[in-house]
Amino acid sequence: MWEKIREKRIEIAIIGLGYVGLPLAVEFAKAGFSVIGIDLDEYKVKRINNGSSYITDVSNSSLAYVVNSGRLRATRDYGELIRADIIDIAVPTPLSKSKTPDVRYIVMAMEGVKQYFRKDKAQLIILESTTYPGTTRELVVNELVACGYELDRDFYAAFSPERVDPGNSRYRTENTPKVVGGASELSTKLAVALYSQVIHKVVAVKNCEEAEMCKLLENTFRAINIGFVNELAMMCDKMGINIWNVISAAKTKPFGFMPFYPGPGIGGHCIPLDPIYLSWKAKHYGFFNRSIELASDINENMPDFAIDKLLRIMNERKKLLNVSKVVMLGVAYKPDVNDCRESPALTMYEKLKELGALVEYYDPYVPFFYDKKGRTVRGIRVLNQETLNKSDIVVLITSHKVFDYQFIYDNASLIFDTRNAFRDYADNK
């Protein structure tokens with residue numbers, strides 16, 4: 001297999017063609033590998049095979065190039081796994097309603113792997129989905145061993161956490177260091193050999209558990225620090241201190257300080273969820289991580305703080321929210337992406353509606369979303385002068401670069417800026 005990887009004589013199957021799987025599939029195909037993308041979503045499969053990308057980080061031209069070259073094709077058929085030498089699993093790992101890890105998509109993927117497992121030649125199975133330490137051994141290795149297969153003889157297994165940062169033009173799949181940990185020493189070596197073909201730097205750790213913990217450490221670090229600065233933001237609000245000015249001053253220190261910024265909440269598929277995975281697993285060992293629980297509680301309650309502050313802003317100007325028109329700017333969870341999973345904007349939308357406000361939103365990346373009852377909510381197609389003039393308050397939630405901040409500032413009578421995007425403008429709005 002090592003020789004076949006180096007000579008690019010292998011077939012790679014990637015299960016899950018979202019923000020992680022599709023960019024990875026394109027990179028492997030660009031490097032000359034033959035790639036099969038498997039996803040149960042017929043819409044995604046058709047888009048890929050037509051060379052039309054639905055991921056902001058994958059251009060139509062790069063996707064069309066590898067599809068037209070015959071090196072990448074998509075299918076809904078798990079039977080194609082019989083052709084694969086390497087299987088990369090990059091499926092979602094959300095939380096259940098009770099805030100426990102929901103690994104059903106990994107289980108479903110592994111059912112397909114087991115059903116079409118190649119008995120003639122060993123396959124390398126790599127899990128990329130973020131989850132708790134022990135998942136690769138429990139849901140990949142042990143499942144195949146239970147079917148009568150032997151590690152390092154019939155299959156190899158590794159974990160390599162995704163480090164995708166959607167919308168980041170500087171660090172992309174190919175130049176973001178890749179951490180790899182195998183269920184065996186040979187599994188690690190093979191996984192390193194594979195990723196080294198397409199990624200500039202690959203970092204090997206001792207085993208898959210260390211790789212799994214690495215991803216949780218990275219995102220828990222961010223979640224806790226965001227929670228800390230969000231708590232400071234609430235404290236400074238009571239003291240009448242501008243938290244943004246404080247952070248700006250603090251980050252001039254050239255050592256020992258890393259700036260984090262407050263906001264109306266956290267979103268996306270990693271930061272709100274990964275710390276909960278770690279905390280859940282820690283409880284199995286009788287360990288209760290108070291810092292994770294506290295940070296999660298603060299971050300989850302930031303939309304409420306934002307709504308409370310909005311009410312205070314309007315009350316100071318003798319405006320009643322239940323008869324006001326509110327225009328929300330941005331519902332994506334972060335700037336310059338079209339993903340609104342776990343976005344605080346969705347929570348704020350529901351709360352504003354419950355308070356009786358007439359709410360509209362504008363987000364050029366998200367033309368519609370579904371509310372908590374499953375109804376389609378469509379955004380304003382064009383943010384024009386009339387819409388801004390007629391609004392009672394404009395609430396900036398996601399600071400997309402494409403927003404014309406000068407135009408918004410000039411035409412909105414009242415702006416609530418939750419991201420400090422209007423910092424270079426006068427303070428009279």
Side-chain angles (χ1 to χ4, degrees), residues 167 230 233-234 236-237 242-245 261-267 301-340 342-369 371 376-429:
N230 277 334
M234 291 187 283
C236 286
D237 181 66
N242 187 316
I243 183 64
W244 302 100
N245 291 343
Y261 300 95
I266 56 177
N301 282 288
M302 285 308 290
D304 288 320
F305 171 72
I307 293 294
D308 178 69
K309 185 158 186 174
L310 185 151
L311 285 167
R312 284 186 278 129
I313 291 170
M314 298 193 72
N315 286 339
E316 288 170 3
R317 289 156 179 80
K318 303 189 185 307
K319 290 176 177 284
L320 296 176
L321 183 61
N322 63 355
V323 292
S324 294
K325 180 179 179 180
V326 178
V327 175
M328 292 172 34
L329 297 182
V331 296
Y333 83 90
K334 64 174 289 187
D336 311 317
V337 301
N338 61 355
D339 187 355
C340 57
E342 308 295 331
S343 173
L346 305 184
T347 303
M348 290 182 66
Y349 173 84
E350 299 290 353
K351 291 181 180 296
L352 288 169
K353 292 289 288 185
E354 289 171 7
L355 291 169
L358 175 62
V359 188
E360 293 182 302
Y361 85 90
Y362 173 67
D363 191 321
Y365 293 101
V366 185
F368 68 91
F369 65 85
D371 67 12
T376 302
V377 180
R378 298 194 180 276
I380 301 167
R381 297 187 64 181
V382 178
L383 187 66
N384 54 34
Q385 184 176 5
E386 182 182 5
T387 299
L388 291 170
N389 289 163
K390 289 185 176 180
S391 67
D392 292 287
I393 187 168
V394 171
V395 184
L396 179 78
I397 299 175
T398 311
S399 51
H400 292 309
K401 292 178 183 176
V402 296
F403 286 155
D404 187 339
Y405 291 98
Q406 185 67 60
F407 176 76
I408 296 166
Y409 178 80
D410 290 341
N411 290 282
S413 62
L414 184 59
I415 299 172
F416 177 29
D417 180 5
T418 71
R419 299 293 184 179
N420 202 32
F422 291 90
R423 57 188 172 275
D424 296 328
Y425 298 82
D427 293 329
N428 61 347
K429 289 194 179 182

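Of the possible donor and acceptor atoms, one in the side chain of Thr418 sits under 3.5 Å from a partner among the backbone N and O of Leu396. In terms of modelled atom types and a separation under 3.5 Å, the side chain of Arg419 and the main chain of Thr398 share no donor-acceptor contact. Of the possible donor and acceptor atoms, none in the side chain of Tyr365 sits under 3.5 Å from a partner among the backbone N and O of Asp336. For the pair Tyr405 (side chain) and Phe422 (backbone), a donor-acceptor distance under 3.5 Å is absent.
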Hey, can you pull the donor-acceptor pairs under 3.5 Å for the side chains in residues 344-351, sequence neighbours left out?
unit_1	atom_1	unit_2	atom_2	d
Glu350	OE2	Lys372	N	2.8
Lys351	NZ	Asp304	OD1	2.8

Can I get a per-line list of side-chain donor-acceptor pairs under 3.5 Å for residues 325-335, giving both atom names and the distance, sequence neighbours left out?
unit_1	atom_1	unit_2	atom_2	d
Lys325	NZ	Glu360	OE1	3.2
Lys334	NZ	Asp165	OD1	2.4
Lys334	NZ	Pro166	O	2.8

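Of all heavy-atom pairs spanning Tyr362 and Ile380, the tightest one is CD1-O, 3.1 Å. Listed here is the closest heavy atom pair of Asp417 and Ala421: OD2-N, 2.7 Å. Nearest heavy-atom pair across His400 and Pro364 is CD2-CD, 4.4 Å. Minimum heavy-atom separation, Phe416 to Ala306: CE2-O, 3.3 Å. Minimum heavy-atom separation, Asn230 to Gly263: OD1-N, 3.0 Å. Between Leu383 and Phe407, the shortest heavy-atom contact is O-CE2, 3.5 Å.
Summarising the geometry, atom OH belonging to Tyr261 is positioned 9.0 Å from atom CG belonging to Asn420; distances are rounded to the nearest 0.5 Å. Taken to the nearest 0.5 Å, the CG atom of Leu414 stands 12.0 Å off from the CG atom of Leu388. With rounding to the nearest 0.5 angstrom, the NZ atom of Lys319 is 12.0 Å from the CD1 atom of Ile313. For the atom pair OG (Ser324) and CG (Leu352), the distance works out to 10.5 Å, reported to the nearest 0.5 Å. Put simply, CZ on Phe368 and SG on Cys340 are 9.0 Å apart, with the number rounded to the nearest 0.5 Å.
The stretch residues 377-390 participates, sequence neighbours left out, in these side-chain hydrogen bond (donor to acceptor under 3.5 Å, both in side chains) pairs: Asn384-Thr387, Gln385-Asn411, Glu386-Lys390.
By the salt bridge (Lys or Arg N to Asp or Glu O under 4.0 Å) test, Asp339 pairs with Arg341, sequence neighbours left out. Here Asp237 pairs with Lys309, Arg312 under the salt bridge (Lys or Arg N to Asp or Glu O under 4.0 Å) rule; sequence neighbours left out. Scanning for side-chain contact (heavy atoms from CB on, under 4.5 Å) contacts around Val382 gives an empty result, with sequence neighbours left out.
The only member of Asn322, Ile307, Leu310 that meets side-chain contact (heavy atoms from CB on, under 4.5 Å) when paired with Leu355 is Ile307.
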